Every structure is written in structure tokens, then in C-alpha cells.
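Just so we're clear, the structure is a prediction, and the values are computed from it rather than from any experiment.
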Amino acid sequence: MTEMHKEANACYEQCLEKDQDSILSLARPLDDGRLVLAQDIIKEAAQFMESYLDTAPSSPAQSADEMGDTDKPRPDSPMQQSSTLTDPGSSTQRAEDIVDNRTLLKEKLDRARKWILWQTISNEKVMYGPIGAFIEYVALIVQEKLTYLADSSSDNDLGRRLVLPSTKFDYNSSDTDDTMRIGMGLARANISDPIDDNCRRVSYDEVFAVLEAKRKGDDDGFKDAFKRLYMNAREMYQQQHNLRFAWGVTVSDRLVRVCHFGHDRAISSCHMDVSTPKGRRSFIEVLANWSFCEESQLGRDPTMEYLHDLRCWQIACASEKGCMGEGADVNYYYFSTVRCHAERVFGRHTRCFLATDIMPTAVVSTTNPLITTVVIKDSWAFSKRNASDDGCDKVRSLNKIKEGLSAQAAAKDIIFPKIEAGGRVSFQRNGKWVEDNTDMVYGQGKLAEDNADTVHGPGKLAEKNTDTANEVGKAHSDDDPLFRAHRRIVMSPIGESLCSTKSVAEFVTVICDAMRCHSAFVDHCNILHRDISDNNILVVRSEGIARGMLIDFDNAIDLEQKERDDLNKVTGTLPYMSINNLSKSDVERTSLDDWESMLCLICWFATRGTISGKRREYEEFAKFPIAVWQHDSTNGMITAKESAFYSPELFRDFIVRYFKLEGDKGEESDLLKNLAFVLREYLFQNPDLTLDFHGTFKKRKHVEPARRELSIEELETDELDSLLNKIFPMVNPFKERAEKWREISKQLLAFTNVFWEKAMDLQKEANKANGNTAIGNIYQ
């Protein structure tokens with residue numbers, strides 16, 4: 001079983017909320033006029049379908065290869081029941097007047113009935129044709145209804161879209177190299193587009209939902225279809241830069257369920273049995289609502305638009321005041337380069353775009369690229385509902401850094417992100433400005449209440465697979481619900497991925513720069529980052545010199561406004577989280593947890609490879625002991641790190657011996673190894689701490705004999721554990737370190753500066769040898 005399949009299975013077992021019909025209300029049209037129109041279409045489409053199915057002759061038997069080996073209708077089908085509907089020639093006369101092409105409707109129903117009424121399905125792939133015919137039938141009703149109304153109405157904006165299925169089934173999408181296949185894609189189409197059987201092979205960047213069908217009608221059939229949906233949703237998030245959440249449909253035999261993939265949970269509706277009139281009407285209602293709801297209800301971000309004529313994206317961002325809405329200044333940026341995709345179903349869905357504020361005047365291409373000047377980060381981080389109470393507000397943190405470092409001499413030689421614009425994302429919904437957050441996504445009904453009551457994350461799946469471990473466990477506190485706000489920040493300068501370093505000296509320079517930034521944020525701005533990871537360190541190049549910049553303040557906290565609960569939260573990114581953090585210890589998180597995360601990052605990259613193009617393949621890397629830092633259970637990760645960092649000997653044998661250090665430049669290799677050993681020593685065996693607080697494991701403290709005297713009464717009444725704790729108290733080695741975090745951090749920074757200077761000298765020597773001696777100002 002692949003990691004993807006394990007992830008999908010964990011989602012089904014731990015994160016899926018089943019039988020929640022309230023999820024269907026999320027697509028209910030918000031506009032009263034469109035809601036009435038959708039309800040009329042639902043009624044007419046269901047009425048015409050039932051009348052035709054009840055009166056039409058049985059279709060001839062299909063071959064076993066096409067739809068099974070029998071043409072007998074199901075015993076519980078409308079064809080075997082005494083229908084309460086009258087002849088279609090009378091009761092559906094209005095529907096016939098609206099639908100011009102009645103023959104085409106009947107052809108669609110003749111195909112659809114092979115799925116909804118017949119008893120045996122021998123092949124899953126052939127299910128898609130009749131299912132697609134059902135969907136096209138509803139699209140025909142929508143199209144003909146709107147065409148009829150358009151002739152008698154001045155309102156040309158009655159409908160929003162047609163929902164059409166792909167006519168290629170179980171196919172590979174053209175926009176991914178993955179072997180994952182789409183069962184059936186559901187895509188938007190213009191109201192005037194023809195509905196025919198021409199080849200529609202929609203890709204992941206076009207679909208708003210994927211439909212997966214399985215022949216089995218039991219729970220196993222639903223489980224298999226749902227797991228395929230999960231994997232398809234992951235591809236959708238990666239390919240669609242403006243996708244806020246994903247829809248999906250499972251079909252197990254005749255049982256249809258609608259699924260919704262949000263940031264922290266998946267939800268499925270109760271099944272709709274299309275072998276019954278009630279089930280067919282329910283599925284028609286879903287399709288009709290999808291046709292008339294707003295784009296935001298389908299998961300699209302209305303503040304991002306692809307400009308086809310220019311072949312680039314336009315994205316709206318809040319001004320420096322940090323808000324979007326009526327009367328607020330909004331800045332528009334343009335991009336064609338995506339530096340970071342949303343790669344997971346659950347989590348922050350972090351995306352980074354390289355952009356410019358100058359609208360192109362010609363088609364963007366490789367010969368006419370955009371000249372980008374800023375990086376835009378788009379993400380959904382855990383937040384306080386009231387922005388003014390949000391101590392982890394990223395805009396506030398960046399503005400404080402900008403103010404705190406502008407006059408500091410110590411900050412002159414570090415590179416830090418400068419905010420240009422940004423804040424929480426808002427857009428117009430049904431004519432009103434709304435803030436984009438999880439409350440808005442789940443509406444104001446039962447699901448919003450459920451979301452407010454949900455203080456658990458997606459369990460072990462989050463512990464292993466979300467992009468930050470802040471998704472593990474509770475969001476903020478027991479009385480603070482799981483709430484995410486959609487934020488968008490515009491920053492400069494532009495940097496490259498940490499994976500782009502070209503030498504060990506570059507890598508050492510960049511990571512040392514990142515921690516020099518980190519220390520400046522703490523010392524001069526009282527901002528603690530709390531998420532040291534490869535995605536949050538950028539390589540900024542100037543005249544041949546690689547420097548490092550620490551970014552992403554989604555998990556940062558203002559130490560001047562700290563609450564104890566905030567400093568005990570589990571934050572960070574696997575596999576770089578500190579032992580104290582992973583353990584959910586009651587010891588306060590400090591700067592030392594970030595220093596330990598940096599040590600983990602050094603070990604991880606040094607084992608995988610620090611030089612671009614020369615990194616180990618994942619299959620080889622996964623064989624080394626360090627791989628369990630990401631793919632084991634939480635307890636397994638903790639034990640592995642405790643063992644690896646316990647002593648210099650174990651650190652060497654478990655970790656350093658597997659470092660992949662390319663080239664003959666032994667001085668650079670030694671530099672990285674020595675940096676790792678020094679960080680480990682001053683974090684876990686600091687000479688300024690007592691021996692009781694050395695190491696990584698909890699231990700019993702040595703107590704002098706005079707303090708071991710216990711009374712007879714204590715010896716007779718106390719439990720063994722209680723007696724042991726009185727004689728040899730249990731101590732947490734991280735406790736005293738947390739109390740002395742400022743002193744230890746200064747020591748670590750001093751050593752880091754030494755390694756940074758040496759790595760910079762090695763870079764300059766390499767540049768000189770290559771004939772490049774100019775070193776410019778990074779901000780010019």
C-alpha cells in the first residue's frame with residue numbers, strides 16, 4: 001500500500017463525518033430568485049423523469065460487457081410499483097412546453113435507466129455512461145428552462161452555469177504526471193454551450209468535483225470510492241490555485257453520496273438511492289443547486305481570476321490597512337509562476353506566487369515573462385475570530401518586525417521579509433461583503449455549529465500529513481473553536497526554495513541567516529516564529545552570494561501579548577518539530593524549540609542532500625533511521641529523536657554518519673557536521689545546566705541521603721510510585737532549559753555567527769575563483 005493510499009484510508013477511518021445531509025445546504029442558491037428557479041427545475045425534472053420511467057417500455061437487455069446480463073427491472077423500481085404520477089402527456093405538459101428537444105431528454109433517460117433501474121452491474125467502468133446521461137438530463141432541463149425564460153424576460157443573468165460530466169471515463173488527467181485516474185470529472189459550462197456526446201476530457205484544473213463509481217453497494221463500495229475521491233481532491237488542490245474546498249460524489253451501485261473536503265475534515269451526505277423516486281429527486285436537487293449557486297459555493301476564490309487573453313492570473317490583495325471590502329483600497333497583482341502549491345487535502349493550503357503589480361500589456365510567455373517583484377503568500381491558518389484579538393496575526397507580526405528592525409544596527413546585515421500589502425481575504429457574496437473563513441464556508445446553519453463545537457483536529461492523519469502540526473489536537477484552547485481565516489500577504493524580496501542551494505557553504509550560510517533573523521525577531525520585536533521548516537526559509541541571491549530569509553508567520557506569537565495557553569500549543573512542521581513540542585509537554589515553548597527545529601532541519605537536509613540536483617531519491621532516504629521522524633507514530637518520532645540527540649556518540653551513529661556531503665571540499669563538509677554537533681551539545685548537554693537537566697529523557701533526580709528520610713507512616717501508606725517520587729523526584733530535562741532560554745539562545749546565536757562568517761568566506765572564495773567578485777545590496 002502506497003503512502004497516498006495509507007493517507008486516504010486514514011482519512012476515511014479518522015476524519016470522515018458520515019451521513020451529514022446538512023452538507024447539501026452549502027450549495028443552496030443564496031439569491032432568492034435563483035433559488036425559486038432551481039426549485040422549479042428540480043420539481044419539473046423529477047416529475048418528467050418519473051412519468052417517463054413509469055410509462056416507457058423496458059429497454060432491451062444489454063450485454064454483460066455493457067451493463068450486466070439482465071434486463072429485468074429492480075423489484076423496488078417505479079416500473080414495478082403503482083405510480084401516483086399521471087400520464088406524461090397530461091401532468092408534464094408544462095415541462096414539455098419548456099423542453100424543446102423532448103426526444104433528446106428521453107434518449108438521456110433511456111441511457112440513465114440502465115444504471116438506476118436494472119439489477120446487475122458487471123463492470124464499474126460502464127456505469128459512468130448512464131450516470132453521465134443522468135447528469136446531462138438535468139443540464140438539458142436547466143438549459144431549456146433558461147432559454148424559455150430568456151425569451152420572455154429582460155434578465156439575461158438568470159442562470160450561472162451548466163454542470164456537465166466528462167465523456168471520457170476512468171482516465172488520466174493531462175495536467176499531472178501522477179498515475180491517479182479520474183473516474184468522471186464534473187465541470188462548469190456556459191448556459192449556451194451545446195450538450196452533446198463530443199469528447200469532454202476535463203483535467204484537474206477544470207473540475208469542481210470528481211465522481212467515483214464502484215459496483216458494490218455496501219460500505220466497502222463507498223469506502224473504495226471515497227478513498228479515490230480523497231486522492232483526486234489532493235490533485236485538485238495542487239492544480240487549482242484558487243480552490244478553497246473541494247466537492248466530490250461517490251456512487252456505490254445505486255447509492256449516491258455527496259462529499260465535501262474542507263481544511264480539517266471531510267463530510268459526506270446520507271446516501272441517495274436512485275432506484276427510488278426520492279433518491280433520484282435528491283440527486284437532481286444537488287445538480288440543480290450546483291447550477292445556480294455562486295462560484296464561491298463551488299469552492300472557487302472570487303478574488304482570483306485567470307486572464308485567458310494574457311495567460312496569467314490576477315489576484316486581489318488588501319491594502320496596507322489589512323482589509324478588503326466596501327470602500328477599502330484593494331491592490332491587484334499578476335502572476336504566472338507558482339512557487340508553492342497546496343499539496344495536501346487538510347491543512348493551511350499554503351500557496352506562494354511570484355507576482356508584479358504591473359498589469360501586462362501582451363500575452364505572457366517564456367519570451368515575454370512577467371518581471372516579478374513580490375511574493376504573495378496565500379493560506380488558511382488557525383486564527384481568532386476577531387482579528388483584533390488574534391495574537392498570531394501575520395500582518396501584525398510583519399508590521400511589528402518592519403518597525404522593530406528598521407532602526408536596529410544589528411539588523412543591517414540580515415535579510416527579513418518586508419510587507420507590502422495584505423490581510424484577511426473578503427469578497428462579495430450575494431451582494432454583501434463577507435470575510436473568507438471556515439465559518440463562512442460552512443454557513444450559518446448546523447455545520448457552522450458543528451464546526452464551532454469541533455475542537456479536535458483530524459487526528460493522526462494531521463499528525464503525519466498536514467503542512468503544520470498546529471492542525472494536531474486543539475486549535476487554541478478548549479473554549480476556542482477550530483477556526484481558520486483566509487489570509488493573503490504580499491512581501492519582498494523574492495527568494496528561492498531552500499532546495500536550490502548549490503554548495504554546502506551556501507546551505508550553511510542560508511540556515512545560519514535564518515536563525516540570525518529568528519534571533520533578531522525575538523530580541524528586537526518580541527516575535528517568536530514557532531515553525532522553522534524548509535518551506536519557511538528562502539534563498540535570496542545577490543551577485544553570486546546566497547543569503548537566507550525566514551518567512552511565514554502563521555504560527556508566530558507576540559511575546560508581549562502572550563498567554564500561557566498560547567505558549568503550550570503544538571506548532572511546527574513534521575519532521576522538524578522539537579521533542580518538547582511533539583510530546584505536548586506542559587513545559588513552555590520557547591526560542592529553544594525553534595533552535596531544535598533548526599537542528600532537525602540540518603540533519604534532514606544533510607541526510608537527503610544539500611546540493612540541488614544531487615539529493616538522494618526518497619526511496620533511498622527512507623531506509624535511514626531519520627526517516628521515522630516523519631512517518632512513524634508520534635511516540636515513535638519522539639523516541640527516535642530522544643535517542644538520536646541523547647549523546648554525541650548516538651548522534652553520530654544514528655544521524656551524522658548518513659550525511660550526504662558531495663564534492664571534495666572537506667572544509668565545507670566539516671563545517672556542516674561541526675555546526676550540527678555544536679547545536680546538539682548546547683541544546684541537550686549545555687555546560688551551564690546541572691547534570692540532572694542534560695540529555696533528552698525524563699529521569700529521576702539524585703537526592704542527597706539527608707533528604708531521603710521518610711517516616712514510618714509514609715512507608716506504610718504511600719504507593720510505590722509516590723515513594724519513588726519522594727526519594728528520587730522525576731525531572732523533565734527541558735524544564736530548566738526553558739527557564740534559561742534567553743541565555744542559551746545567546747550562546748547558540750554566537751556560535752551561529754561564527755559558522756555564518758566562515759560559510760560566507762567560503763562562498764566569496766568560490767566566487768573569486770569563478771571570476772565573480774561583486775557583492776551588491778539585496779534590496780536594490
Side-chain angles (χ1 to χ4, degrees), residues 317-323 331 348 350 352 373-379 381 383-384 387-424 468 470 485 487-495 510-533 535-540 547-562 566-567 571-572 589-591 593-595 597-598 741-742 745-746 749 752-753 756 777-779:
C317 298
S319 66
E320 290 186 359
K321 295 180 181 179
C323 63
N331 299 335
R348 291 183 294 170
T350 300
C352 291
T373 57
V374 297
V375 58
I376 300 175
K377 181 176 179 184
D378 186 276
S379 65
S383 310
K384 301 287 187 181
S388 61
D389 296 334
D390 194 353
C392 298
D393 183 80
K394 186 174 181 178
V395 175
R396 184 183 304 166
S397 296
L398 284 169
N399 279 325
K400 190 171 183 181
I401 288 170
K402 185 176 181 180
E403 297 169 1
L405 296 184
S406 60
Q408 294 293 332
K412 299 301 182 182
D413 201 22
I414 66 171
I415 302 171
F416 57 92
K418 295 184 177 180
I419 184 169
E420 306 290 341
R424 295 193 178 190
T468 65
N470 201 8
R487 294 194 189 103
R488 187 171 293 153
I489 310 296
V490 184
M491 299 173 290
S492 63
I494 290 177
V510 169
I511 59 175
C512 288
D513 259 330
M515 293 314 292
R516 294 168 74 238
C517 286
H518 178 277
S519 298
F521 300 157
V522 173
D523 295 340
H524 303 300
C525 312
N526 285 301
I527 298 295
L528 183 60
H529 190 275
R530 303 199 302 174
D531 190 12
I532 303 297
S533 68
N535 286 332
N536 295 339
I537 299 174
L538 295 183
V539 180
V540 182
R547 299 290 304 276
M549 180 173 67
L550 184 62
I551 63 168
D552 189 350
F553 295 83
D554 282 349
N555 290 314
I557 189 169
D558 189 335
L559 294 175
E560 293 179 327
Q561 301 178 7
K562 70 181 182 182
D566 289 327
L567 288 173
T571 62
R589 312 291 185 267
T590 68
S591 178
D593 289 280
D594 285 357
W595 280 101
S597 291
M598 176 55 71
W741 71 267
R742 288 193 181 275
S745 295
K746 287 181 180 179
L749 177 61
T752 298
N753 281 328
W756 175 80
N777 187 334
I778 201 71
Y779 292 115

Sorted by chain and number, sequence neighbours left out, side-chain contact (heavy atoms from CB on, under 4.5 Å) with Ala381 holds for Arg348, Arg487, Asp554

If you take all heavy atoms of Ile401 and Ile527, which pair is closest and at what distance?
CG1-CG1, 4.3 Å

Pair Val374-Met491, side chain to side chain contact (heavy atoms under 4.5 Å, CB included): steps then yes or no
CA-CA 6 Å; Val374 297; Met491 299 173 290; over 6 Å; no

Is the Phe416-Phe521 ring centre distance short of 6.0 angstrom?
no

Check: Thr590 and Trp595 side chains under 4.5 Å, non-hydrogen atoms
no

Quick one: pull up CG in Leu405 and CD1 in Ile414 and give me the separation to the nearest 0.5 Å.
5.5 Å

Sequence-distant partners of Asp378, salt bridge (charged side-chain N to carboxylate O under 4.0 Å, His left out), two or more places apart
Arg488

Where do Val540 and Gly495 come nearest, in terms of heavy atoms and distance?
CG2-CA, 4.2 Å

How far apart are the closest heavy atoms of Ala556 and Ser397, and which atoms are they?
CB-OG, 4.3 Å

To the closest 0.5 Å, what do you measure between CG (Leu550) and OG (Ser533)?
8.5 Å

Would you indicate whether the side-chain heavy atoms of Lys377 and Thr350 approach each other to under 4.5 Å?
yes

Walk me through it: do Leu528 and Ser591 pass the test side chain to side chain contact (heavy atoms under 4.5 Å, CB included)?
CA-CA 7 Å; Leu528 183 60; Ser591 178; 4.1 Å; yes

For Asp513, side-chain hydrogen bond (donor to acceptor under 3.5 Å, both in side chains) partners two or more places apart:
Arg516, Arg547, Trp756

Rounded to the nearest 0.5 Å, what's the gap from CG on Asn535 to CG on Asp552? Could you check?
8.5 Å

Going by the rule side-chain hydrogen bond (donor to acceptor under 3.5 Å, both in side chains), which residues pair with Ser519 if we only count those two or more places apart in sequence or in a different chain?
none

Rounded to the nearest 0.5 Å, how far apart are CG of Leu559 and SG of Cys525?
10.5 Å

Please report the C-alpha distance between Asn331 and Val490 in whole Å, then the side-chain angles of each, then the deciding distance to 0.1 Å, and finally whether the side chain to side chain contact (heavy atoms under 4.5 Å, CB included) criterion is met.
CA-CA 10 Å; Asn331 299 335; Val490 184; over 6 Å; no

Under the side chain to side chain donor-acceptor pair (under 3.5 Å) criterion, do Ser597 and Asp594 qualify, and how do the steps go?
CA-CA 5 Å; Ser597 291; Asp594 285 357; 4.9 Å; no

Does the pair Ile551 and Ile537 meet the rule for a side chain to side chain contact (heavy atoms under 4.5 Å, CB included), with working shown?
CA-CA 6 Å; Ile551 63 168; Ile537 299 174; over 6 Å; no

Could you work out, with side-chain hydrogen bond (donor to acceptor under 3.5 Å, both in side chains) as the rule, every residue matching His529, not counting sequence neighbours?
none

Which heavy-atom pair separates Gly572 from Asn555 by the least distance, and what is that distance?
N-ND2, 4.4 Å

Could I get the full list of side-chain hydrogen bond (donor to acceptor under 3.5 Å, both in side chains) partners for Lys400, not counting sequence neighbours?
Asp558, Glu560

At what distance, to the nearest 0.5 angstrom, does CD1 of Ile376 lie from OG of Ser492?
11.5 Å

Interatomic spacing from CG in Asn536 to CZ in Arg530 - rounded to 0.5 Å
13.0 Å

